[in-house]
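A short worksheet on the structure shown next.
In what follows, chains carry the letters A, B, and so on, assigned in the order in which the sequence lines appear, proteins first and then strands, with residues in each chain numbered from 1.
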Protein chains: 2
Amino acid sequence: MESAEQVQQSVRSGRITAAMVAARAGVSTATVSLVANGKTAGRVSEDNIARVRDAISELGYVVDGIGSSLAKGVSSIVILVSPDISNPFFAKVIAGVRESLGADYQLLLSVTPAGEFPQAGDVRKLMALRPAGLLVGAPNAEFLDDLSAAGPVVLLDAPGLEAYAPSVNLDVAHGARQLAAHLADTGHRRVAYVDSVTGTATFAIRRGAFLDEAAAHGIAVEPGHIISTTIDVGASAAAFAAAWPAWQQAGVTAVVCCTDTHAYGVLQEARVAGVQIPDELAIAGFDDLPYSATSNPSLTSVHLPATSLGLKAGGQLRRLIEGHRLEQPQLTLESSLVVRNSTSA
Amino acid sequence: MESAEQVQQSVRSGRITAAMVAARAGVSTATVSLVANGKTAGRVSEDNIARVRDAISELGYVVDGIGSSLAKGVSSIVILVSPDISNPFFAKVIAGVRESLGADYQLLLSVTPAGEFPQAGDVRKLMALRPAGLLVGAPNAEFLDDLSAAGPVVLLDAPGLEAYAPSVNLDVAHGARQLAAHLADTGHRRVAYVDSVTGTATFAIRRGAFLDEAAAHGIAVEPGHIISTTIDVGASAAAFAAAWPAWQQAGVTAVVCCTDTHAYGVLQEARVAGVQIPDELAIAGFDDLPYSATSNPSLTSVHLPATSLGLKAGGQLRRLIEGHRLEQPQLTLESSLVVRNSTSA
DNA sequence: CTGAAAGCGCTTACAG
DNA sequence: CTGAAAGCGCTTACAG
């Protein structure tokens, strides 16, 4: 039982506390806690369970997250950190994460300016929330070195970084190679590449796999024909506009972009410049965003399973948080090329 | 000073606590708290301030968010609730919110299945995190009635709901009227409308303003020519495919969609069906997403200032959280029509 | 099966 | 200007 004054005080604050539930049910707060957390097995009588349940629903009691977190040493918050969180690709990833995490965990997104990772100080502030777990999207080694997070971590789309933590990867190399082969088949011999400034592993692999396979097919991608911009339609459009005259002169007939968002910018600017697509210039991207089917022309893209990525990563993290071992700490999801009109009329 | 055992225990957990800082600086935890929170004015000697600062940086101390929140009664988390959070429109809103909130507050997104508001139970769980404030996007009255949140709240894009809380609105009606006038000018007399299933106020206003102005211009929008889907390219495409034969027979020559995302679906399906755009069918949307300039054909849309919406809303909330009064509790941002090829060849 | 008590890490009157 | 102490709301050994 709690003291009458204590209960009275909580009443005034408007917040329903465990003490109020305890007073109403005629038990201790310890019992309330046990019932509210479903830890009654062999520890609380049926009678008291019913009593407490009734009091909880009558009062509309919800366990206070802050008090609970402090006592447990960890909160129910899962933090998702990614340099690319406002890309529409991530909307689906987030939906997948949310679904697999269920109602017991809250999703906190670390939002940074496009393409940037949070600074060390930001991360520490996030850690001060004592997250139940951490999801890190498309990281680079440097960021992971700085991270030093205690507790469960799962990486998303982090090829080559499996040593740091369990991860769910996308086989972007496969799609990249398909794309190189497709361009070779359609007669391209000089190709430009628009990369991201992020410098994360997934982009390095996309580029590396594409360049390797391109070379194997006799396609030339000169160093001067590789540029980088943030993941932003406008930035990409501007960069392409600046580069195109030289590329055109050098005989470039195709541009591969590391994301569809980049590709939309190139598409936009190429159309403004009156470039014929795909006859004069073929364009392709990665991600296969929902808009790539309706762009003008529709965009050839390496399809990546975003929802599935979120679902799997959330599921793995949840297992980790709940103390299970992962049967498969490394998962890889398939990618594949979707050919549309921007490379093949 | 803290007891040696206490400090020793914290050392073992790996977490740097105020007690450890206090021990190192030779002061009490109260002084550490004052310094860490910048509340030293007239309360801590210069000498001790320097001592504590040194200890903080030497140890890498970060105030524990959970402990701090419990003591203060409120956390540094700002929750953003919106039925439409994975729409690319919201990516910019989120970026704006993040920027105006600054580094002192963490943004927690309540992610629900497309177009749905969180259930009452979900909201209560979020409230148990004791948020510093709440941002509610595109709400309906029912949700706000249920909400009963204590503490600062700012509504985004909530026309007609100004009575509930300070809000930042978009003058969607203005753009909607411009769109109706534009369609009338280009000769359309029978128009269909694709609405959202969400039933939120902003969509009701978009539709209402459009229908009113359309009627004033002699445009007929029959009740049977108004359909609703979730904010999803595929759902919208399917709904349009089902509706189009009847619309075509009835002489419909234009479709207005309540979001660009809906419009992309209509565009996609219309092209598959071989419908000539805009000659046979004009299509327009709301939001002016970045992809609307590159779609095929490019999409006429009512431009809404997403980044600015987030910036203003975050700014208002921050002022509220910090105890200031709002000089202008109601803000309205402009919208305007951007005409592109989907309505005008 | 049950409750009193300690403790999670911090902040804030309070007394000095 | 400073520190001891109470308190935020909960959970968890512990003793019974």
Which pairs of donor and acceptor atoms, one on a side chain in residues 35-46 of chain A, lie under 3.5 Å apart (sequence neighbours left out)?
| unit_1 | atom_1 | unit_2 | atom_2 | d |
| --- | --- | --- | --- | --- |
| A:Asn37 | ND2 | A:Ser33 | O | 2.8 |
| A:Asn37 | ND2 | A:Ser33 | OG | 3.4 |
| A:Ser45 | OG | A:Asn48 | N | 3.2 |

| query | Residues in salt bridge (charged side-chain N to carboxylate O under 4.0 Å, His left out) with A:Arg24, at least two apart? | reply |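 Only A:Glu58 meet the salt bridge (charged side-chain N to carboxylate O under 4.0 Å, His left out) criterion with A:Arg24.
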
| request: Could you pull out all residues at least two apart from A:Asp47 that satisfy salt bridge (charged side-chain N to carboxylate O under 4.0 Å, His left out)? | output: A:Arg51

Could you state the [atom1]-[atom2] distance from [X] to [N], rounded to the nearest angstrom?
{"X": "A:Leu70", "N": "C:dG7", "atom1": "CG", "atom2": "P", "result": "14 Å"}
{"X": "A:Ile66", "N": "C:dC8", "atom1": "CD1", "atom2": "C1'", "result": "13 Å"}
{"X": "A:Met20", "N": "D:dC8", "atom1": "CE", "atom2": "P", "result": "13 Å"}

Specify the closest pair of heavy atoms between [X] and [Y], including all atoms of both residues, with the distance to one decimal.
{"X": "B:Ser76", "Y": "B:Ser69", "value": "N-OG, 4.4 Å"}
{"X": "A:Ala138", "Y": "A:Thr202", "value": "CB-CG2, 4.0 Å"}
{"X": "B:Ser100", "Y": "B:Gly314", "value": "OG-CA, 3.2 Å"}

| DNA chain C contacts among residues 44-57 of chain A, heavy-atom distance under 4.0 Å |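 Per residue number, the list reads A:Val44, A:Ser45, A:Asn48.
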
| said: Is it the case that the side chain of B:Arg98 and the backbone of B:Gly102 share a donor-acceptor pair, with hydrogens and angles ignored and the cut-off at 3.5 Å? | reply: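 Pair found, side chain donor or acceptor close to backbone of B:Gly102.
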
| query | Just by distance, do the side chain of B:Ser75 and the backbone of B:Arg130 share a donor-acceptor pair under 3.5 Å? | reply | yes

| remark: With sugar-phosphate taken as primed atoms, P, OP1 and OP2 and all else as base, the protein-contact string of nucleotides 10-16 of chain C at under 4.0 Å (heavy atoms; B, S, -) is BSB----

| message | Less than 4.5 Å apart, side chain to side chain, heavy atoms only: is that true for B:Val81 and B:Leu135? | response |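 Heavy-atom side-chain distance check fails, nothing below 4.5 Å.
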
| task | May I ask you to test the B:Leu109-A:Leu107 pair for a side-chain heavy-atom distance under 4.5 Å? | result | no

| task | Please work out the stems of DNA chain D from pairs that are Watson-Crick or G-U wobble with both distances under 3.5 Å, keeping only runs of three or more consecutive pairs. | result |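 Stem list for DNA chain D: C:1-3 with D:14-16, C:5-12 with D:5-12, C:14-16 with D:1-3.
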
